[in-house]
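To keep things clear, I will list the structure first and then write my remarks on it.
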Amino acid sequence: MKRSIALIDVNNFYVSCERVFNPKLNNQPVVVLSNNDGCVISRSNEAKVLGIKMGAPWFKSQELARKHHIESLSSNYALYADMSNRVMAILRDFSPNQEVYSIDECFLDLTGFKDLTAYGQEMRNRILKWAGLPVCVGIGSTKTLAKLANHCAKKMPEFNGVCDFGALADDELNTLLMKIEVGEVWGVGRRLTSKLLALGIKTAYDLKQAEPEYLKQQFSVVMAKTVSELNGTVCIELEEIAPPRKQILSSRSFGQPVRDYSSLAEAITLYMSRAAEKLRVQGSVAGLLHVYIRTNPHKPDDPQYANGMTISLPSPTDDTLQLVKTALWVLKRLYKRHYAYAKAGVSLGDLIPRTSAQIDLFTQTQSNRRSQKLMSTIDQINSKMGRASIKLASEGMRYDWKMRSGRKSPNYTTSWDGLLYVY
DNA sequence: TCTGGGGTCCTAGGACCC
DNA sequence: TCTGGGGTCCTAGGACCC
């Protein structure tokens, strides 16, 4: 049977979340900034019209911002994560098969369902009513087509927010695809776009008509799959259960340059503690640990230094104490004085489920059990009493190096202090 | 003054083995 | 002068996504 897959996506997600709790932002140009208030990562339509680009360094737009009174906000991930959970829960009622693809979008399998356009409108209405957020719905017989349909739903007003490719005749669909630039296709980024253009493939339709074998040879199997998906052959399945991560990263740019070892050590302790928490949430242990530090590459006149080191752990672990200890040992070897460091990070790799981990010959099982008990106690307290209620002393108290986040909205939905007052 | 963070997959090439 | 062939594993780098 022909599949029907929907992609539902919140419009301008972060900005829309902010607007739910601060309606003054409606109809105004608004942007949400990345960590450290560095780049623009979400824009209202009004801000897009003014020419603010996605990912652009915010300090370069200051003049434009002043001239047009663009509101800028620091990102508030606690708020966005909570709003995301609400949207996903609402959508779960519309299909037994859901894949949460990112913080603001999910796929639903609607195969066999009737009147899909009306069904999509129902989703839009309910999410607007229950969560206060605007969404668009794209429907196609593969994920790639659903993505493209979603693009049409967003950009072409005649669809009124819901576009079902399945409801179009073949030639209607082809005419539509001729209007879409090839770079809009899922999986085709900037580099591939320019290579495709050089081959004379300019639109989504051109790509659909291309010979898969030829493209496989010119590019890779990924591109060949994309072409098949455009032609309605499913190559990318719906993944209802998220597979465990193969790698866990934690890194941040500093709010100001950091020179001293002790601040770097505090940062590394914090990042590794976070990474270890994530590791335990998914029930894995790590066999590989990586630490890196670097100066600011955007200041080429300053002395530059960037270095990282990967360590294979003697036996895979999820113990914060052990991971932090190893990370600090690595940091000592990487650190050089007299540099202005801008960023540091850690990552954990070679992740395997804790239950199938090989315990090395010399690890005493008793200390192993004690460590597990300690970690789960810390995790429980922190989840109940708030993040970092218990933390390692080497994380420090001063946080001179912490990122800037000057214009963050309150945690409206996840903290009593952030609760909205109505007078 | 000021340029994010967290992921995945694929490929080419080198090392090594028999 | 002549310098095999086939296979696996690992890593770095490049591409993409949100």
Side-chain angles (χ1 to χ4, degrees), chain A residues 7 9-14 31-42 52-63 65 72 74-77 80-81 84 99-107 143-144 147 150-151 182-196 215-226 235-236 239 242-257 267 271 274-275 278-279 282 287-288 290 292 294-302 308 310 312 340 342-351 402-407:
Chain A
L7 178 78
D9 170 312
V10 182
N11 306 342
N12 313 328
F13 182 54
Y14 296 169
V31 298
V32 170
L33 305 176
S34 65
N35 281 334
N36 251 334
D37 296 341
C39 298
V40 175
I41 53 170
S42 181
I52 302 284
K53 294 274 178 282
M54 186 69 175
W58 180 234
F59 72 91
K60 287 187 177 171
S61 303
Q62 289 309 299
E63 208 167 307
S72 65
S74 306
S75 34
N76 182 348
Y77 291 105
Y80 311 147
S84 172
E99 174 188 338
V100 176
Y101 177 68
S102 76
I103 192 162
D104 73 328
E105 53 190 296
C106 78
F107 291 100
K143 282 182 169 181
T144 303
K147 275 274 198 184
N150 184 279
H151 170 81
V182 73
E184 299 294 340
V185 176
W186 195 36
V188 180
R190 271 226 324 275
R191 300 295 178 105
L192 295 182
T193 300
S194 60
K195 225 180 141 183
L196 284 168
L215 286 183
K216 187 172 168 182
Q217 166 220 325
Q218 289 288 316
F219 298 88
S220 76
V221 296
V222 183
M223 184 66 85
K225 279 186 184 176
T226 298
C235 298
I236 309 168
E239 285 186 31
R245 308 226 167 290
K246 297 175 175 173
Q247 187 183 50
I248 289 172
L249 287 97
S250 178
S251 69
R252 293 277 181 287
S253 300
F254 303 130
Q256 49 192 316
Y271 304 161
R274 287 276 173 280
K278 291 188 213 167
L279 187 65
Q282 77 163 24
L288 224 53
H290 180 82
Y292 71 90
R294 68 161 168 78
T295 51
N296 188 347
H298 299 294
K299 285 186 176 177
D301 295 340
D302 285 6
T310 306
S312 202
K343 186 175 180 179
V346 305
S347 79
L348 296 170
D350 266 8
L351 308 188
K402 273 229 162 152
M403 62 188 191
R404 286 181 302 277
S405 182
R407 307 183 47 76

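Taking atom OH of Y77(A) as the reference point, atom C1' of dG5(B) lies 7 Å away to the nearest angstrom. Distance, K60(A) NZ to dC2(B) P: 13 Å, rounded to whole Å. Atom NE2 of H298(A) is separated from atom P of dC2(B) by 11 Å (rounded to the nearest Å). Distance, M54(A) CE to dT3(B) P: 18 Å, rounded to whole Å. For the pair K299(A) NZ and dT1(B) C1', the interatomic distance rounds to 7 Å; values are reported in whole Å. Taking atom CD on Q256(A) and atom P on dC2(B), their separation rounds to 11 Å, with Å as the unit. Here the P atom of nucleotide dC18(C) and the CD atom of E99(A) are 12 Å apart, to the nearest Å. Counting to the nearest Å, the P atom of dC18(C) and the OH atom of Y101(A) are 5 Å from each other.
Backbone-only engagement by L192(A) is indicated by non-hydrogen atom pairs under 4.0 Å involving sugar-phosphate atoms exclusively. Residue contacts shown for W186(A) are limited to sugar-phosphate atoms, with no base heavy atom under 4.0 Å away. In this structure, N35(A) reaches the sugar-phosphate backbone alone: every heavy-atom distance under 4.0 Å involves primed, P, OP1 or OP2 atoms, never a base. Nucleic acid contact for K195(A): none, since no nucleic acid atom lies under 4.0 Å from a heavy atom of the residue. When heavy atoms are screened at a 4.0 angstrom cut-off, D37(A) is found touching no nucleic acid atom at all.
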For this session: Go through the steps to decide whether F107(A) and K143(A) satisfy the test side-chain contact (heavy atoms from CB on, under 4.5 Å), and finish with yes or no.
Result: CA-CA 8 Å; F107(A) 291 100; K143(A) 282 182 169 181; 3.7 Å; yes

For this session: Decide side-chain contact (heavy atoms from CB on, under 4.5 Å) for N35(A) and Y77(A); before the verdict, give the C-alpha distance in whole Å, the side-chain angles of both, and the deciding distance to 0.1 Å.
Result: CA-CA 10 Å; N35(A) 281 334; Y77(A) 291 105; 3.7 Å; yes

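Annotation: dC18(C) and dT3(B) have their P atoms spaced 25 Å apart (nearest Å).
Atoms CD1 and NZ, from I236(A) and K225(A) in turn, are 7.0 Å apart once rounded to the nearest 0.5 Å. In this structure, S347(A) OG and I248(A) CD1 are separated by 10.0 Å, a value rounded to the nearest 0.5 Å.
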For this session: Would you give a per-nucleotide map of nucleotides 6-16 of chain B, 5' to 3', where B means the base has a protein non-hydrogen atom under 4.0 Å away, S means only the sugar-phosphate does, and - means neither?
Result: SSBSSS-----

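Using modelled atom types, one side-chain atom of K195(A) and one backbone atom of Q218(A) make a donor-acceptor pair closer than 3.5 Å.
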Seminar exercise, completed: Its dot-bracket string being built from Watson-Crick and G-U pairs below 3.5 Å, with | for another strand and [ ] for crossing, DNA chain B has the pattern ....||||||||||||||

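Side-chain contact of D37(A) with S74(A): a donor-acceptor pair under 3.5 Å is present, judged by distance alone.
When the shell of 6.0 Å around NZ of K343(A) is examined, it contains more than 12 heavy atoms from other residues, nucleotides or ligands. Environment of NZ in K278(A): crowded, with over 12 heavy atoms of neighbouring residues, nucleotides or ligands closer than 6.0 Å.
In this structure R191(A) satisfies the salt bridge (Lys or Arg N to Asp or Glu O under 4.0 Å) test with no other residue, sequence neighbours excluded.
Relative orientation of the Y14(A) and Y80(A) rings is parallel, given thresholds of 30° and 60° on the angle between their planes.
Map F59(A) and K343(A) each onto its nearest nucleotide of DNA chain B; the residue landing nearer the 5' end is F59(A).
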